[in-house]
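Everything on this sheet refers to the single structure shown next.
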Amino acid sequence: MWANLTLMNIENFLLDVVCRSVEALYGALNGEQLQIQKTRKEFVGDYTIVTFPLLKMSRKSPEATATEIGEYMTANIPEIQSFNVIKGFLNLTLDSAFWHARFVEIAADDAFGQAPATGRTIMVEYSSPNTNKPLHLGHVRNNLLGYSVAQILRANGHKVIKANLVNDRGIHICKSMLAWKRFGGGETPASSGLKGDHLVGKYYVEFDKHYKAQIKELMAQGVSEDDAKKSAPIIVEAQEMLRQWEAKDPEVYALWQMMNGWVYEGFDVTYKALGVDFDKIYYESQTYLLGKSLVEEGLQKGVFYRRDDQSVWIDLTADGLDEKLLLRADGTSVYMTQDLGTAFRRFEDNKLDDMIYVVGNEQNYHFQVLKLVLKKLGYDWSDHITHLSYGMVELPEGKMKSREGTVVDADDLIAGMIATAREMSDELGKLDDCTEEQAAAVSRMVGLGALKYFILKVDPKKTMLFDPRESIDFNGNTGPFIQYTHARIRSILRKAAEAGIDYEGAVETTYLPEEIDLVKLLTDYPGAVAAAGENFAPSIVGAYVYELAKQFNGYYHDHSILKEENVACRKMRLQLAQQVSRVICSGMQLLGIDVPERM
RNA sequence: GGUUCCGUAGCUCAGCUGGAUAGAGCAACAGCCUUCUAAGCUGUAGGUCAUGCGUUCGAACCGCAUCGGAAUCACCA
């Protein structure tokens, strides 16, 4: 009768049942008045009904109302086993047969946690690096968030396109190019042994060094700081290089291609290490001219206006924002122009239903303007643009500043995490019977699991703190703890198989209260995934998986599953362990975290 | 100054659209390895949810104000 409840949400079932009961007792009600929530741990019961909103209808005290509803339900709804009343709260306990049925559903459903296709197409843009320096900790948060959100949306049945818009042009890369040409002596990734992105980053720093020195020199000669910044020979030369690039000067273009090529090779290594990937890669060198036709359109519609110097603007002061430039006086485009153009083209080309930009919160204003401008141009899909804004990652000493060398390099960080995981494993003797290859693979998974979970468990919009010295914990609410729980379960199941204990097949029905708690948690999984998708928050999935792992450890650690006297109970426990491991794997996959079979 | 976001235990963070006595982990303290992996388990201690007022049966959550912190307000991307 209530088939496939796990996919539908048990609370809806209860809502329906409670609604009918209340109506039988007190007459029609509007659905808003019913509130159902999970019963808190300190109390007996599975779900709780808050009766306060119903008092007007029942015209009785909270206790009397709760008792009356409880009595009616236990008498008339077979799934309701018992109830108790505390103050105005009616705690309902569901029949263990009900939970058993839910468990059978989960066990039989190969696609558990995967919602049916919605037909919606969503693009998630993330990463979006500049090509003048290597990735750092801030990018790591961006990449992990973007990848995980894409996975979660996919699990919710949407078609997801992961996109990366690489900022491969501009003054920044010209700075690296110029410094390399001047001071590089023909150095290449192969000759220097440096990763391509690090090599290019090195020359970006080199440029800055010379630039600063020249400014200082000019200021010593009495030039003002502003003028010095503009007239330092090296920056003038870099700007000239950018002009040559735009004119497609063969030599400059070749240099640009070569150095960007090095950077991409370097990025690929980092992306692979992080486990992220993309379906589409866009390059700004190919999109930076987009958007000019939209500017024309805006002018014709009278949404934009032209100033005397021929630059184009939009006045958003009526909306509480400022005036914004859309086209320079010389007719060249700015950031906003391109973004309008790329947004337009993406919605057109891919028939997108939604577009999600994973971009740091320093661009909140930019996206506010972007959406508003599109709206004013009459594009209603503007409402389907979401800026998934995330806070900065701060270090204990304060903010990260690339100029001051206080950045945490992504590659160093990853290597450090893996090394720490390896040390920990060796110390504990966990991987003594493994081959070197296996041990290395597990250390990778654990080190990265720690890093990813640490970053993803924090609410994206919050500024978070990262302490590299203490590195990252491997105990408590961490990725490794969840991985550990999974590895333990796999080990139990291996040993059961070796001992010839049969735990597959028909699902047993003997439950202890602890096991029902676990079944309850398991059934919540699709709801957690859906909530995470709605809120663009991998942290919700993280919290869920951690809770599941913790409960499993708590309940099962001190009991022997394999040596249980009661064979039926043992079989049931093994089946439950198997499902827990399945859901852990599935949840961790949504976070982009690999789960080792042993550790 | 305008806009947006944040402020919860010593530290790092949860707390979904208002619901019961505020939740974890770390750090501290006390136990637990001849039983499935101790990267673990059990327990103790730790809070004026920045502050004040309001809304109501009921507020960490909603509204207003104040105080602290962050981002942004570029012919950079």
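Basis for what follows: all heavy atoms, side chains included, without hydrogens, waters or symmetry-related copies. Treat the numbers as computed from the prediction; the structure is a model and nothing was measured.
Here the side chain of Lys495(A) is nearest to one of C41(B), U37(B), C75(B), namely U37(B). Each of U35(B), C75(B), U37(B) was ranked by its minimum atom distance to the side chain of Ser560(A); first place goes to U35(B). Comparing atom distances between the Thr39(A) side chain and each of A39(B), A77(B), A20(B) picks out A20(B) as nearest. Nearest nucleotide to the side chain of Gln37(A), out of A20(B), C75(B), C41(B): A20(B). Checking A20(B), C75(B), G25(B) against the side-chain heavy atoms of Asp309(A) singles out C75(B) as nearest. Of the candidates C6(B), A71(B), A20(B), the closest approach to any side-chain atom of Lys461(A) belongs to C6(B).
Counting any heavy atom pair closer than 4.0 Å across all strands shown, Gly554(A) reaches sugar-phosphate atoms only and no base atom. Here Ala487(A) lies in heavy-atom contact (under 4.0 Å) with a base. Counting any heavy atom pair closer than 4.0 Å across all strands shown, Asp319(A) reaches no nucleic acid atom. Within 4.0 Å (heavy atoms only), Phe43(A) reaches at least one base atom of the nucleic acid. Nucleic acid contact class of Phe481(A) (heavy atoms, under 4.0 Å, all strands): sugar-phosphate only. Across all strands shown, Gln363(A) has heavy atoms under 4.0 Å from base atoms, whether or not it also approaches the sugar-phosphate. In this structure, Arg169(A) reaches neither bases nor backbone, as no heavy-atom distance under 4.0 Å exists between it and the strands shown. Using a 4.0 Å heavy-atom cutoff across all strands shown, Asp168(A) reaches no nucleic acid atom at all. In this structure, Phe52(A) reaches the bases: a heavy-atom distance under 4.0 Å links it to at least one base atom across the strands shown. Nucleic acid contact for Ser389(A): none, since no nucleic acid atom lies under 4.0 Å from a heavy atom of the residue.
Across the P atoms, A59(B) and C26(B) are found 33 Å apart, a figure rounded to whole Å. Distance noted for atom P between U21(B) and G25(B): 23 Å (whole Å). Here the separation of C13(B) from G7(B), taken at their C1' atoms, is 13 Å to the nearest Å. Taking atom C1' on both U72(B) and C29(B), the two are 47 Å apart, rounded to the nearest angstrom. Spacing between A74(B) and C11(B) at atom C1', rounded to whole Å, works out to 38 Å. A60(B) and C16(B) have their P atoms separated by 12 Å, given to the nearest Å. Atom name P, nucleotides G52(B) and U12(B): the rounded distance is 23 Å, in whole Å. With P as the reference atom, C64(B) and G69(B) are 22 Å apart, rounded to whole Å.
Residue Tyr484(A) contributes atom OH, which lies 15 Å from atom P of G25(B) at whole-angstrom precision. In this structure, Met392(A) places its CE atom 14 Å from C1' of U4(B), rounding to the nearest Å. Straight-line distance from the CD atom of Glu63(A) to the C1' atom of C57(B): 12 Å, rounded to whole Å. For the pair Glu362(A) CD and G69(B) P, the interatomic distance rounds to 21 Å; values are reported in whole Å. The CD-P distance, from Glu394(A) to A71(B), rounds to 8 Å in whole Å. One can place CD1 of Ile482(A) at 13 Å from P of G25(B), the figure rounded to the nearest angstrom. For the pair Leu54(A) CG and C57(B) C1', the interatomic distance rounds to 13 Å; values are reported in whole Å.
From Phe552(A), atom CZ reaches atom CD1 of Ile584(A) across 7.5 Å, with rounding to the nearest 0.5 Å. To the nearest 0.5 Å, atoms CG (Asp339(A)) and OH (Tyr288(A)) are separated by 16.0 Å. Atom SG of Cys174(A) is separated from atom CD of Glu246(A) by 8.5 Å, given to the nearest 0.5 angstrom.
By the 4.0 Å N-to-carboxylate-O rule, Asp517(A) lies too far from Lys41(A) to be salt-bridged with it. Remark: Glu225(A) engages Lys229(A) in a salt bridge, criterion side-chain N to carboxylate O under 4.0 Å.
Tyr357(A) and Phe367(A) have tilted rings, their planes meeting at an angle from 30° to 60° on a 0 to 90° scale.
Aromatic ring centroids of Phe474(A) and Phe481(A) lie 6.0 Å or more apart. Close placement of the His366(A) and Tyr335(A) rings is indicated, their centers lying within 6.0 Å of each other.
One N or O on the side chain of Asp330(A) and one on the backbone of Thr332(A) form a donor-acceptor pair closer than 3.5 Å. In terms of modelled atom types and a separation under 3.5 Å, the side chain of Ser491(A) and the main chain of Ala487(A) share no donor-acceptor contact.
Heavy-atom distances to RNA chain B give each of Lys87(A) and Gly320(A) a nearest nucleotide, and the one nearer the 5′ end belongs to Gly320(A). Comparing Lys430(A) and Ile36(A) by the nucleotide of RNA chain B that holds the closest heavy atom to each, the one mapping nearer the 5' end is Ile36(A).
The base of A74(B) has none of its N or O atoms less than 3.5 Å from a complementary donor or acceptor on the side chain of Asp322(A). One cannot find a donor-acceptor pair under 3.5 Å joining the base of A39(B) and the side-chain atoms of Thr478(A).
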### Task
Starting at the 5' end of nucleotides 10-15 of chain B, put B wherever the base has a protein heavy atom under 4.0 Å, S where only the sugar-phosphate does, and a dash everywhere else.
--SSS-

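Within the shown strands, G54(B) is the pairing partner of C62(B) under the Watson-Crick or G-U definition, both distances less than 3.5 Å. Summarising the base pairing, C33(B) is matched to no nucleotide, lacking a Watson-Crick or G-U wobble pair whose two defining distances lie under 3.5 Å. Nucleotide A24(B): paired with U12(B) (Watson-Crick or G-U wobble, both distances less than 3.5 Å). When Watson-Crick and G-U wobble pairs are counted only if both distances are under 3.5 Å, A38(B) pairs with no nucleotide at all. In this structure, C5(B) and G69(B) make a Watson-Crick or G-U wobble pair, each of the two defining distances being under 3.5 angstrom. The pairing partner recorded for G18(B) is none, the criterion being a Watson-Crick or G-U wobble arrangement whose two distances lie under 3.5 angstrom. Across all strands shown, U48(B) forms no Watson-Crick or G-U wobble pair with both distances under 3.5 Å.
In this structure, Arg328(A) reaches the C76(B) phosphate: one of its side-chain N or O atoms is under 4.0 Å from OP1 or OP2. Regarding contacts with the backbone of U3(B), every side-chain N or O of Asn364(A) stays at 4.0 angstrom or more from both OP1 and OP2. Phosphate proximity of U35(B) to His559(A): absent, as no side-chain N or O sits under 4.0 Å from OP1 or OP2.
By the rule that a glycosidic angle within 90° of 0 means syn, C33(B) counts as syn.
Remark: Arg598(A) fails to qualify as a cation-pi partner of Tyr484(A) under the 6.0 Å distance and 45° angle criteria applied to the six-membered ring.
Under the stacking criterion of a centre-to-centre distance below 5.5 angstrom and an interplanar angle below 30°, Phe89(A) is not stacked against the six-membered ring of G19(B).
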### Message
Between Asp524(A) and Lys38(A), is the salt bridge (charged side-chain N to carboxylate O under 4.0 Å, His left out) condition met? List the steps.
### Response
CA-CA 11 Å; Asp524(A) 282 342; Lys38(A) 280 178 235 165; 3.0 Å; yes

